Structure formats: C-alpha cells, structure tokens
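Following: one structure in structure tokens, then a few remarks.
Just so you know, these numbers come straight off a predicted model, no measurement behind them.
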Amino acid sequence: MDMARLRQLDDYCFTVPRAAGEVRSEVLLYGSAPLLRTMDDMVLTQITNVAKLPGLVGPAMTMPDAHWGYGFPIGGVAAFDPDLGGIVSAGGVGFDISCGIRCLRSNLELKDAAAQFPQLADALFQAIPAGVGEEGALKLSSHELDQVMLGGAEWAVHQGYGSESDLALIEEHGKMRGAVPGNVSELAKKRQRGEMGTLGSGNHYLEVQVVEKIFDTQAARAFGLHEGQLLVSIHCGSRGLGHQIGTDYLVSLAKAASRLGIVLPDRELACAPINSPEGQEYLGAMNAAINVALANRQILAHLTRAVFARVIPGSHLATLYDVSHNTCKLEKHRVDGKDRMLYVHRKGATRAFGPNHPALPAEYQAVGQPVIIGGSMGTGSYVLAGTAEGERRAWSSASHGAGRAMSRNAALKKWRGRELIEQLKGQGILIRTKSMRGAAEEAPGAYKDVDLVAEATEKAGLARRVAFLRPKVCIKG
DNA sequence: ATGTTC
C-alpha cells in the first residue's frame, strides 16, 4: 500500500485525508505501518468505496489482517443505520457466510498425547469429510434442511450432536434469529443437502494445537487455558449453501440498487437498503446460512469428540467458544453518547465484545469475548479477549486470521504442496489433505505473519492477547 | 470461499 496516501493517527491506526470539498465518511485502517505497507492498494480503494455507501455510521474500517476481497476488503468492518437509508451488501458479508472457528479445549497435555498424534491425524482425516464438494454421512431432506436453517447448532444438539452445554458458548447461543428458509433458493438447498458435517476446502482446517504461551493469566483462567494443554480448532462455514446464497443475491441486490438509484462505486458492492424488500430478503437468507454454519461446526465438533474418545480414551473436549467471521448483524452500539441499533458488516473480521456485554456467557463476563485468530497452516493461532476500547474504536471487532499476503495463483507458482507438507513434518506438524494444490495455495509464506497481526490487534486496542497456540495436527480441506 | 471457468 502506498503509505504516502495515508495519514497516521497513532502507532496502529491510519486514515485517508479528505480531499478539499469532498463529502465522505472517514476511513480507518488498523495495523502497524509494516503490515499496511505490504497490503495491496486495492484494500484502500475498496474500503474507501465502502465509506461512500448510503447510511454508513462512523468510519469504514479495516482490521490488521485485511486483504483484497470481492467488493469489500476481507478484514472490513462497516455499520449502517436502517433509518438513514443504510444498506446491506452480500459482498460485505462474503460468499462463505458465517465462516468461523469452533475452538475446543481438552483435558489432555501435550506430553501425554504426543505419541498418538500420527494415529489421531489419520483417524481425524478419515472421520472428517474435507475437500471441494465433499459430502458427509448426513443426507438431509428438504424439510430437515429447513429445520437446520431455523435451528442452527441447537438443531444439531437435538439430533444428538454434542451437548446442550455447548450452546451458551456459541454466538447467538447457537441459533440465529431472523432466518427465513423460504428466501433460500432450491439450488442453494440442493447443494447443501449432502454437505452438513463437512469441512470444505481452501483455508478451512481442523487443527490439534498446544497452548504454547499465555499472555494474560486472568483471562486464560476464565477461558480454561494453561500452557501445555491441547486444543482443537475447527475453521469452516456454510459450504455450498452460503456460496449459492451469495451468488443468488448479488444479482437481486444489484437490481435493487439500480431500481432505487443507488450509485455503486464498484459493481461488486451490490447492495440494497436494509429497509427494502430485497435487503430484508437477503438478511433472511443470510441468517439461514449462519445457522447452517453453526450447525455444521457443531456436527464437526461432535465427530472430533468421537475420534478423540476412540484414540485417546478418557479424553474430553469442551467448547471454549464459536466465532463467526462473515456476517451482518443487528447490534446495539454507542454513538455520540446514544445507543443505536446498527447493522454491522464484518467480513473476515471477528465480533469481539468487551467485558460485561450481555451476550457473553457468565464465565466470560469479567474478561470479554474469546476472539480466535486462526493462523495459516503450520504457523500458529491466537486466543484473544474483547476489550471495552474495541467497542469505541471498531464496533467491537477484531482480526480473524493471518490474512493472505499473496494470491492463490502466486502461491501455486512459488510452492509445491508435497514439499511443504514434508517440511512441516520436520517441524513436528502433521498435515493430512487430499489436495496438494490446496496445500500449495495455503503455504504459510502466502500469509501475513500471524504474530504481527495479533500484536497489532492488541496494540490497536481491538482485543488483547490471551494465548498462543502451536499446531501439531492439521486436517486441510 | 466455491459441484475450483454456472
């Protein structure tokens, strides 16, 4: 990114000076100068475009892991007021609606389980369907899929996947309100009927990780984390259904924008007013996809528990938390001393409520929401906690991952999947995947340095670091 | 991200 175009507000926050006479809401880019310098200029172009959309409240923002996306940058956050003509955009949510991370904490120590990692890797790879178009053991009828879209993880628990106690530890208690299955196309449903309980491909993964470092002992205690402990993180989303909803509604929202005379700075920013038939229809479908993603991660958590119980008898996996990365949610936020209800787009950004937020489970009230920054294959991940400052600075939002630094095509030219997997094995990290192409695209070197992203996230005041997790076993889609 | 150029 051309840093000459930015004005630095503090060590970890930048803005774009307004041209004389230009009427435009503010843009804020969170992150260190070295992180921003390596970002594509398109991140700046895209977030500047977002700031021109109707009904924006406060600045359009990017998180420290931001990169070029479809219309909105990934790592983009923007809030809109429906009463001021505020819009909802499918590109502002992303194609993988409610992609996110389920983090499970175990009662196992690295030293006690390390000998079983090869067996665990094989058993997980066998039990967790992964890859493009991969189907699982479940084949749902159209009616059953409607129930998934309405019930989310709660539906999955009632089907016998996991326990009731998981639900309080999932955003929205495992069930997103406002889902309208009738707004989801037959094609989207058809694609999903065999894909429940599957991981998908791309950057999705299931990792067994060890807590290598604790940054904040008080929060770690509240989250039930200690050094040497094994965790499992499951990163996936709403599979074919979410993708098809994104595809379907780009067309419908573009038509609505045209009909209502909304000037789009980029056709990829197709959007409609929240208070319009098309906007409402998209939100109903998007909420249905959120429930599909929540149910999907619940089923995968259950499958993971079954493998652990078989391979390491006596093992137990409790839900630490389940975060979504690609959503547009109606939330109460403080604006100029007044509470307002805003629709917050978070695309490749994690909700990060601070301490005492009513949406948090009792055990996390004192320390804030767990925020999980999923690193790239083989590098490491972070658990952080939401802060009061994050509410003021970014509508309670934080980074979601390392964030790509290089396109998939560029990564394919630079690395070979098989070599990377051998190399990681030498570092004590077992990868299991069907796709060597996918492994090359996901090369750690194609991502930003997750340590720098987590550090910048903390120093920008968005969330504070609680623990660093080192991967030991990784199932890739 | 994605039945990976529906």
Original post:
Do any pairs count as a salt bridge (charged side-chain N to carboxylate O under 4.0 Å, His left out) and have a residue in residues 195-206 of chain A, sequence neighbours left out, and if so which ones?
Top reply: A:E195-A:R239
Subject >> Side chains of A:Q46 and A:D266, donor plus acceptor under 3.5 Å >> reply: no
Original post:
Hey, which of these two, A:V132 or A:G202, hits DNA chain B nearer its 5' end, going by closest nucleotide?
Top reply: A:G202
Original post:
When the distance from NE2 of A:H204 to P of B:dT4 is rounded to whole Å, what number comes out?
Top reply: 16 Å
Original post:
Base, sugar-phosphate, or nothing for A:G242, non-hydrogen atoms under 4.0 angstrom?
Top reply: nothing
Subject >> d(NE2, A:H243; C1', B:dC6) in whole Å >> reply: 11 Å
**OP:** Check whether any side-chain N or O of A:T433 sits under 3.5 Å from a backbone N or O of A:S435 as a donor-acceptor pair, and report yes or no.
**Re:** yes
**OP:** Write down the distance between OH (A:Y249) and C1' (B:dC6), rounded to a whole number of angstrom.
**Re:** 18 Å
**OP:** Check side chain to side chain donor-acceptor pair (under 3.5 Å) between A:K175 and all other residues, then give those that pass, not counting sequence neighbours.
**Re:** A:E154
Original post:
Should the pair A:H333 and A:F353 be assigned to parallel (<30°), tilted (30 to 60°) or perpendicular (>60°) ring geometry?
Top reply: tilted
**OP:** Whole angstrom is fine here: how far is it from CZ in A:F95 over to C1' in B:dT5?
**Re:** 14 Å
Subject >> Residue whose closest nucleotide on DNA chain B lies nearer the 5' end, A:E442 versus A:T247 >> reply: A:E442
**OP:** Measure from CG on A:D248 to C1' on B:dT2 and round the result to the nearest Å.
**Re:** 13 Å
Subject >> Value in whole Å for how far the P atom of B:dT4 lies from CD of A:E134 >> reply: 14 Å
**OP:** Quickly work out the A:E195 CD to B:dT2 P distance and round it to whole Å.
**Re:** 8 Å
Original post:
Just to confirm, is there a sub-4.0 Å distance from OP1 or OP2 of B:dT4 to any side-chain nitrogen or oxygen of A:S201?
Top reply: no
**OP:** Look at all strands and tell whether A:E135 reaches a base, only sugar-phosphate, or nothing, counting heavy atoms closer than 4.0 Å.
**Re:** nothing
Original post:
If only side-chain N and O atoms of A:R408 are considered, is one of them under 4.0 Å from the OP1 or OP2 phosphate oxygen of B:dT4?
Top reply: no
**OP:** Classify the nucleic acid contact of A:I97 as base, sugar-phosphate or nothing, counting any heavy atom under 4.0 Å across all strands shown.
**Re:** nothing
**OP:** Return the value, rounded to whole Å, for the distance between atom CG of A:L199 and atom C1' of B:dT2.
**Re:** 14 Å
